[in-house]
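Here you go, one structure.
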Amino acid sequence: MDKLRPLSQINLLDELPEEELKKIDEVTLTAPIKKGTIILSPAQQMRSLFFLKKGQVRLFKVSSTGKEFTVDLLSEGNVFGETSSFSLTESDIYAETMVDSFVCTLTKERFEEFLRQNPDISLKFITILTTKLKEMYQITESIAYKEVKYRILLLFMQLSNRFGVRSGEWQTVGVKITQHDIASMIGSSRETVSLFLGELEKAQVITRKPLKINTVLAKELYEVEEG
DNA sequence: ACATTAATATACT
DNA sequence: AGTATATTAATGT
């Protein structure tokens, strides 16, 4: 298990007032990026930060045998990338758009300046980072002690809290995710994930459309949260 | 209680 | 049609 896990979960969108968003728009380049585009790779180290304005991005590493290892998923309002002073991801990481997206590029200076001028957002930033840290603790603990079924539910709870919306008894996961993604994020195998997703669906704990997890039963998520 | 391998099926582009 | 993704079964630790 890597000691260095990414601290990439940053959703500043909820905190950003309209004017600030416009300010960002003025000082940065917002580029539309096609689905499946690699915007960050070990070979092409951009010394800048990226602000995901719209869409979804997958962070992954590639093993020596060429297998992809999904590390995290990002959605609207997330910041990732690195500069010389701090990095929000590991340095040898790939970032790929999973859907057509809009991405802002921010220099380190601009970002630091932005934080300096917006103390509230800096605080929000810290909150998000500590939340992510707590999530990583939970995942590592579950990998050490919990069964795969439980790990899947924990991951869904985290994704759901970050990206999903509650509607009645059900809560959406809120991101596109493959079984391979799930497996690498909880330290399991695709086949085992497939098996347990089937069980969870049969037990009516999750619902899903073909190739897509839809919703998770909220009360199950709270039970996971209790431990 | 899983992983791994392989064979098969289904969905996406 | 070709590729990616998911399911199922068999076997091993």
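Residue numbers begin at 1 in each chain, while the letters A, B, ... track the order of the sequences. These numbers were taken from a predicted model, which means no experiment stands behind them.
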| task | Please list, chain by chain and in numerical order, all residues satisfying salt bridge (Lys or Arg N to Asp or Glu O under 4.0 Å) with A:E169, sequence neighbours excluded. | result |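 Per chain and number, A:E169 pairs via salt bridge (Lys or Arg N to Asp or Glu O under 4.0 Å) with no residue.
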| request: Please figure out whether A:K146 or A:K67 has its closest DNA chain B nucleotide nearer the 5' end. | output: A:K146
| message | Can you list, by chain and residue number, the hydrophobic cluster partners of A:Y222 when the side-chain cut-off is 4.5 Å? | response |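 A:Y222 clusters with nothing; isolated.
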| note | Its 5'-most and 3'-most nucleotides having an atom under 4.0 Å from a non-hydrogen atom of chain A, DNA chain C is contacted over C:dT5 to C:dT8
| task | Give, ordered by number, those residues of residues 191-205 of chain A having at least one heavy-atom distance below 4.0 Å to an atom of DNA chain C; if nothing qualifies, reply none. | result |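 Listed by number, they are A:E191, A:S194.
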| task | Could you check how far CD of A:E147 sits from P of B:dA3, rounded to whole Å? | result |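 Result: 12 Å.
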Using atom names, set out every protein N or O paired with an N or O of nucleotides 10-13 of chain B below 3.5 Å, distance rounded to 0.1 Å.
residue	atom	partner	partner atom	Å
B:dT13	OP1	A:K35	NZ	2.5

| said: Among residues at least two apart in sequence or on other chains, which ones pass side chain to side chain donor-acceptor pair (under 3.5 Å) with A:S63? | reply: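 With neighbours one apart ignored, the set is A:T65.
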| request: Just jot down the salt bridge (Lys or Arg N to Asp or Glu O under 4.0 Å) partners of A:R208, sequence neighbours excluded, or say none. | output: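 Counting only residues at least two positions away or on another chain, A:R208 forms a salt bridge (Lys or Arg N to Asp or Glu O under 4.0 Å) with A:E201.
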| request: Would you please name every residue forming a side chain to side chain contact (heavy atoms under 4.5 Å, CB included) with A:K54, sequence neighbours left out? | output: A:E76, A:F102
| message | My understanding is that only residues two or more places apart in sequence, or in another chain, count here; which of them pass salt bridge (Lys or Arg N to Asp or Glu O under 4.0 Å) with A:E199? | response |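 Once residues adjacent in sequence are excluded, A:E199 has no partner under the salt bridge (Lys or Arg N to Asp or Glu O under 4.0 Å) criterion.
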| message | For A:K34, give me all partners under side chain to side chain contact (heavy atoms under 4.5 Å, CB included), at least two apart in sequence or on another chain. | response | A:T37, A:D100
| said: Please tell me whether A:F114 and A:F125 form a close aromatic pair, meaning their ring centres lie under 6.0 Å apart. | reply: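 Ring-ring flag for A:F114/A:F125: false, centres at least 6.0 Å apart.
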| message | My understanding is that only residues two or more places apart in sequence, or in another chain, count here; which of them pass side chain to side chain contact (heavy atoms under 4.5 Å, CB included) with A:I38? | response | A:S41, A:F60, A:Y94, A:E96
| Does A:E223 have any salt bridge (Lys or Arg N to Asp or Glu O under 4.0 Å) partners at least two apart in sequence or in another chain, and if so, which? |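 So A:E223 forms no salt bridge (Lys or Arg N to Asp or Glu O under 4.0 Å) with any residue.
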